[in-house]
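A short worksheet on the structure shown next.
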Amino acid sequence: MNSSLRKPLVAGNWKMFGNRAEAARLVEGLVASGAGSGPAEVVVCPPFVYLADVGRQLQGSGIGIGGQDVCAEETGAQTGEVAASMLVDVGCRYVIVGHSERRALYSESDDLVARKFAAASRHGLVPILCVGESLQEREDDATRTVILRQLDAVLSMSDIGTFARAVVAYEPVWAIGTGRTASPAQAQEVHALIRGRIGEKDATIAASLRVLYGGSVKAVNAAELFAMPDVDGGLIGGASLKADEFASICAAAGR
Ligand code: PGA
């Protein structure tokens, strides 16, 4: 992080873990930690069914809420889906789109992710667009191609202006939940690639775009990752389920 244009952001992706009581305890711990009153912006993304409760509990804490996914459609016969307008309705400011688990387990294509990004943007939500290569792709030297393909799919559907209110998260698939983190240099290389691509369209937007790193970020490795010039915070999975650990990561992002 080296730009005063970009306020660091730490987003917790709870995935499909926990229950109502555990969510309440986690939020209690987070509020008590004061994570929301530091220099970094902090948001948690609980499962849909807990959003309203968690949002109420976080009121006044400075910590925001976001969805883990969103439907590409506006409204209608879409059993099981949640619209962007509904996320706004329960107080979300952010939504994760194109997480690698959605892409891999639910066959979300680049095109569908781009439509979800557009739906979120239309409703004033800040999309956290996830991009990342698999281990095979990295070993095949295809990292650059994959990242640019995923990014370009969104750029071809949404005007560059939408990136003024968007966040990109670089999440190498091989680092998610594996305990294997990208080195700060590996992260920096891809973050610079992402910012560079956005910069080809609009230098001002690129300079203010927050690019988060995600993949086995923990309190012990957060500071060195966040010290990289193009790493503006993190998207945190496992470590966001522990209040103290997550609070330490938020503190590292604010330094
Ligand atoms: P992890 O997950 O921190 O548990 O690796 C990150 C993510 O999937 O967003």
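Both ligands and their constituent atoms are indexed starting at 1 by order of listing. None of the values given here were measured: they were computed from a predicted structure.
In this structure, the protein non-hydrogen atom closest to atom 3 (O) of ligand 1 is Gly237 N, 2.9 Å. Of the protein's non-hydrogen atoms, Glu171 OE2, 2.7 Å is the one closest to atom 9 (O) of ligand 1.
A 4.5 Å side-chain heavy-atom check between Val231 and Tyr170 finds every atom pair outside the cut-off.
No heavy atom of Cys130 sits closer than 4.0 Å to any atom of ligand 1. Contact annotation: Gly215 has at least one heavy atom less than 4.0 Å from an atom of ligand 1. Using 4.0 Å as the threshold, His99 has a heavy atom nearer than that to some atom of ligand 1.
Contact atoms of ligand 1 toward Ala175: 5 (O) (distance under 4.0 Å to a heavy atom of the residue). Near Lys15, the atoms of ligand 1 lying under 4.0 angstrom from a non-hydrogen atom of the residue are 2 (O), 7 (C), 8 (O). Residue Gly238 has at least one heavy-atom neighbour below 4.0 Å for each of these atoms of ligand 1: 1 (P), 3 (O), 4 (O). When each atom of ligand 1 is checked for a heavy atom of Gly177 under 4.0 Å away, the hits are 1 (P), 4 (O), 5 (O).
Ion pair Glu28/Arg25 not flagged as a salt bridge, since none of the NZ, NE, NH1 or NH2 atoms sits closer than 4.0 Å to an Asp/Glu carboxylate oxygen.
With a heavy-atom cut-off of 4.0 Å, Asn13 touches ligand 1 through its side chain alone. The proximity of Ala169 to ligand 1, defined as any non-hydrogen pair under 4.0 Å, does not occur for either the backbone or the side chain.
Between the side chain of Gln150 and the backbone N or O of Gly132, at least one donor-acceptor pair lies under 3.5 Å. Side-chain atoms of Asp230 never come within 3.5 Å of backbone atoms of Gln188 as a donor-acceptor pair (strictly under, hydrogens ignored).
Nearest heavy-atom pair across Ala23 and Val54 is CB-CG2, 4.4 Å.
Pairs of residues two or more places apart, or lying in two chains, that qualify as salt bridge (Lys or Arg N to Asp or Glu O under 4.0 Å) and include a residue from residues 114-128 are Asp69-Lys116, Glu73-Arg115, Glu74-Arg122, Glu108-Lys116, Asp111-Arg115.
Taking Phe163 as the reference, Phe117 meet the ring-ring contact (aromatic ring centres under 6.0 Å, His included) condition, with sequence neighbours excluded.
At most 12 non-hydrogen atoms from other residues, nucleotides or ligands lie less than 6.0 angstrom from CZ of Phe17.
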